[in-house]
Amino acid sequence: MTAQHPEPFARPVPSGELRASHDDREAVVEQLRDAAAEGRIDLDELDSRLEQALTSKTYGELAILTADLPKSPSSAAENLPPLVLKGGMYGASRGPGRWEVPGHVIGHAGVGGVSLDFTRVECRLAEVVVEAYGETSGVTIVIPDSWATDTTGMDPGFGGLKDKTTPDRLPGTPLIRLTGSGGMAGVVIRHPNKRERRKLDGNSTRD
């Protein structure tokens, strides 16, 4: 009987080497066009960068194209009122899918729990404050691999805070500033799991 050799552990992929989606490329194209309209780059450079953006395969390749440009936040998003989710008895969620992200999101888990999924959003804000209260059933927050979080303003409470994110943050992506309290059930913030990644990959191929 042939001995089975264990497969080597997969090497963690740096965030800059992760594959970019159609939406990621389109977001960079929009930023480049805005920069040209503001006079930051000329038309020849715009054409060159647009061509590179449309053929980029990874987050890192896209980041290079906008590294010298300021990330102008969407004024419309800045003026949005806070998004308040109340879990109540049956739970509440926002995402997965596309939704407009305001600068302030508040989640009260209640008995049913609250889920926030940012993986398919287009957010041009430099920072989003997420105020989470774990209460009885907890709050779960999912952010893209290219985003990072600051949890120093969070009170873990009895339920605790589980921060499963990496510190890797690509230029021009939002910082999630997490505040609030873990309450009884706690708060979890993480990147997509394997099942969610498969679904994201499937959505990208259909775009």
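Separating the CD1 atom in I176 from the CG atom in D150 is a distance of 11.0 Å, to the nearest 0.5 Å. Here the straight-line distance linking atom CD1 of I141 with atom NZ of K164 works out to 13.0 Å at 0.5 Å rounding. I189 contributes atom CD1, which lies 6.0 Å from atom OG1 of T165 (distance to the nearest 0.5 angstrom). Taking SG of C123 as the reference point, atom CD of E100 lies at 10.0 Å (rounded to 0.5 Å). Distance check: E122 CD to W99 CH2 gives 13.0 Å after rounding to the nearest 0.5 Å. One distance of note links CD of E38 with CG of L69; it measures 9.0 Å at 0.5 Å rounding.
Heavy-atom minimum distance, A20 versus L62: CB-CD1, 3.6 Å. Pairing each heavy atom of I143 with each of P192, the nearest pair is O-CD, 3.4 Å. Residues S137 and G113 share a closest heavy-atom pair of CB-N, 3.5 Å. Between A148 and D168, the shortest heavy-atom distance links the atoms CB-O, 4.3 Å. A pairwise comparison of heavy atoms in A132 and V187 identifies CB-CG2, 4.0 Å as the closest pair. Contact between G138 and A185 at its shortest, heavy atoms only, is N-CB, 3.2 Å.
Under the 4.5 Å side-chain criterion, counting only non-hydrogen atoms from C-beta, D117 is not in contact with R94.
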Derivation of the side chain to side chain contact (heavy atoms under 4.5 Å, CB included) call for L178 and L161: CA-CA 10 Å; L178 191 59; L161 166 67; 3.8 Å; yes
Please test V29 against L50 for side chain to side chain contact (heavy atoms under 4.5 Å, CB included), starting from the C-alpha separation and ending with a verdict. CA-CA 6 Å; V29 165; L50 287 178; 3.7 Å; yes
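Y59 and E61 form no side-chain donor-acceptor contact under 3.5 Å, judged by distance and modelled atom types alone.
Scanning for side-chain contact (heavy atoms from CB on, under 4.5 Å) contacts around D42 gives D44, E45, with sequence neighbours left out.
The side-chain hydrogen bond (donor to acceptor under 3.5 Å, both in side chains) pairs that include a residue from residues 178-190 are R190-E196, where partners are two or more places apart or lie in different chains.
Using cut-offs of 30° and 60° for the angle between ring planes, the Y133 and H108 rings count as parallel.
Under a 3.5 Å cut-off, the side chain of H191 and the backbone N or O of T166 do form a donor-acceptor pair. A donor-acceptor pair under 3.5 Å is formed between the side chain of E135 and the backbone N or O of G110. Of the possible polar contacts, none joining the T58 side chain to the R19 backbone as a donor-acceptor pair under 3.5 Å is found. A distance-only check finds a donor-acceptor pair linking the side chain of R25 to the backbone of S56 [under 3.5 Å]. The backbone N or O of S21 lies less than 3.5 Å from a partner atom in the side chain of D24, making a donor-acceptor pair.
For the side-chain contact (heavy atoms from CB on, under 4.5 Å) with P102, the lone residue among V129, V128, L80 that qualifies is L80.
Linking Ile, Leu, Val, Met, Phe, Trp and Tyr residues whenever their side-chain heavy atoms come within less than 4.5 Å places V121 and L83 in a single cluster. Criterion: ILVMFWY side-chain heavy atoms under 4.5 Å apart, direct or through other members. Under it, V130 and V139 are part of a common hydrophobic cluster. Residues V101 and V142 do not share a hydrophobic cluster, clusters being chains of Ile/Leu/Val/Met/Phe/Trp/Tyr side chains in contact below 4.5 Å. Transitive grouping of hydrophobic side chains (ILVMFWY, heavy atoms separated by less than 4.5 Å) keeps M154 and L175 in distinct clusters. Both L54 and I41 are part of a single hydrophobic cluster, where members link through side-chain heavy atoms under 4.5 Å apart.
The pair D145-R169 does not meet the salt-bridge criterion, since no charged nitrogen lies less than 4.0 angstrom from a carboxylate oxygen.
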